[in-house]
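Accompanying notes for the structure given below.
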Amino acid sequence: MATAPQAETASPALVFDTLLAYQRSAALRAAIELDLFRAVGEGPGDVASLARSCSASERGIRILCDFLTIIGFLSKQEGRYHHTPTSAAFLDPRSPACVASVARFLGNSNMSEPCHKLADIVRAGTTVLPGDAFVEPENPIWVEFAHSMAPMMAPMAAPLGTMVLEGLSGPVRVLDIAAGHGLFGIEVAKQNPQARIVALDWAPVLEVAKANARKAGVEDRYETLPGNAFDVDYQGPYDIVLLTNFLHHFDPPTCVTILRKVLASLKPGGRAAALEFVPNEDRVSPPMAAAFSLVMLTATRAGDAYTFRELKAMYLEAGFDRVTADPVRTGPHTVVTGHAR
């Protein structure tokens, strides 16, 4: 016999937790800035030694570490602080999986300040940032993105490379639009020794991508094309065009415009692969992909996190043939691929 669902008990906890959520991000950014997670990993973890390692006061370190313990980033036993599995893997700089550098971009004032005017943004339906906001030409925030966000993007590079190269062998030519750190094009070059990459972005950003290509040993097959993706000559034809974390900055008509230009640069049978946050049709799940719409509301004129149905419609309107969606298992993104006839 079915039982009636339990009624949810009303509590103001969620209200207070959300209004005070800024303390969590501030505490995490402070710990990263102080290099606290390295000090915790090196031990012994008592307040005095941590304060010395971080060049900070004992009172400040104690209160910060207690707060980080409360919210789950540290553990505390007998007055000493230790890593949790999360902080050991993703916040200790000695870990190869450390993503602490993302705090420089995600904590950037250009990201947070518009949120203080969110009611105004909701009323207007667009950002309060000047000009073209995040896609303003030569915006220096993308240099910071290229430097600091690579650890977050790296786990998605290999799966994307495998997807876009499926069924292809031998020489391939790849255009990486809005290349940023360059990791996605670089990964394609690593997986296919005959692939040649052309990275397109603003000139200062491409300096970061070129440095990463040198580190990866693919510099001899890595070219750069500085400029605006909407204006510059792509110098095709290409077998593959990558549009990673790009389409969500624009409204659908603008996305169709760029997709038409991409299609014209592809060889017959070529493919265009967009890496995107793709929410379900309900637009509230999965949480990270769906919540990305709020980032686009505050940071762009008309961008959004588009559903696969919406992205597929853009590809088809631009003239692409078969359009597929492949979730990336190592991150919150989906690869949406369209094929040229």
Kindly state each residue pair satisfying side-chain hydrogen bond (donor to acceptor under 3.5 Å, both in side chains) with at least one member in [range], sequence neighbours excluded.
range            : answer
residues 268-280 : His248-Glu276, Asn280-Ser285
residues 177-193 : Thr162-Gln191, Glu187-Gln191
residues 111-120 : Asp120-Arg123
residues 213-234 : none

Mark yes when over 12 heavy atoms from residues, nucleotides or ligands other than [X] sit less than 6.0 Å from its [atom1]; otherwise mark no.
X     : atom1 : answer
Arg24 : CZ    : no
Glu33 : CD    : no
Phe90 : CZ    : no

Looking at residues at least two apart in the chain, or sitting in another chain, which of them share a salt bridge (Lys or Arg N to Asp or Glu O under 4.0 Å) with [X]?
X      : result
Lys210 : Glu207
Glu166 : none
Glu310 : Arg283
Asp251 : none

Side-chain donor/acceptor pairs under 3.5 Å, residues 50-62, sequence neighbours excluded:
residue	atom	partner	partner atom	Å
Ser53	OG	Ser49	O	3.1
Ser57	OG	Gly60	N	2.9

| task | Would you give the length of the straight line joining atom CG of Leu242 to atom CZ of Phe184, rounded to the nearest 0.5 angstrom? | result | 9.0 Å
| When Ile, Leu, Val, Met, Phe, Trp and Tyr are grouped by side-chain heavy atoms lying under 4.5 Å apart, directly or through other members, which residues fall in the same group as Leu118? |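 Traced through the cluster, Leu118 reaches Ile121, Val122, Val128, Leu294, Leu297.
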| Verdict with reasoning, Asp92 to Val40, per side-chain contact (heavy atoms from CB on, under 4.5 Å) | CA-CA 8 Å; Asp92 190 326; Val40 169; over 6 Å; no
| Is the Phe320 to His339 ring centre distance short of 6.0 Å? |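 Centroid distance Phe320-His339: not below 6.0 Å, so no.
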| query | side-chain hydrogen bond (donor to acceptor under 3.5 Å, both in side chains) with Thr298: which residues, sequence neighbours excluded? | reply | none
| task | Considering only NZ, NE, NH1 and NH2 on the basic side and carboxylate oxygens on the acidic side, decide whether Arg173 and Asp239 come within less than 4.0 Å. | result | no
| query | Among Asp46, Asp66, Thr69, which one satisfies side-chain hydrogen bond (donor to acceptor under 3.5 Å, both in side chains) with Tyr81? | reply |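 That would be Asp66.
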| Passes side-chain contact (heavy atoms from CB on, under 4.5 Å), Thr334 versus Phe308? Steps please. | CA-CA 9 Å; Thr334 297; Phe308 174 61; over 6 Å; no
Is there side-chain contact between [X] and [Y], with at least one heavy-atom pair below 4.5 Å?
X      : Y      : result
Ile141 : Phe105 : yes
Leu259 : Met314 : yes
Phe37  : Leu74  : yes

| request: For the pair Leu34 and Leu64, evaluate side-chain contact (heavy atoms from CB on, under 4.5 Å) and give the outcome as yes or no after the intermediate values. | output: CA-CA 11 Å; Leu34 292 164; Leu64 177 59; 4.0 Å; yes
| task | Classify the ring geometry between Phe230 and Phe250 as parallel (under 30°), tilted (30 to 60°) or perpendicular (over 60°). | result |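 Perpendicular, since the angle between the ring planes exceeds 60°.
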| task | Would you sort out whether Val328 and Leu275 count as a side-chain contact (heavy atoms from CB on, under 4.5 Å), showing the intermediate values? | result | CA-CA 9 Å; Val328 180; Leu275 183 73; 4.0 Å; yes
Please tabulate, for side-chain N and O atoms in residues 144-160, each donor-acceptor pair with protein atoms closer than 3.5 Å (sequence neighbours left out).
residue	atom	partner	partner atom	Å
Glu144	OE2	Arg104	NE	3.1
Glu144	OE2	Ser148	OG	3.3
Ser148	OG	Glu144	O	2.8

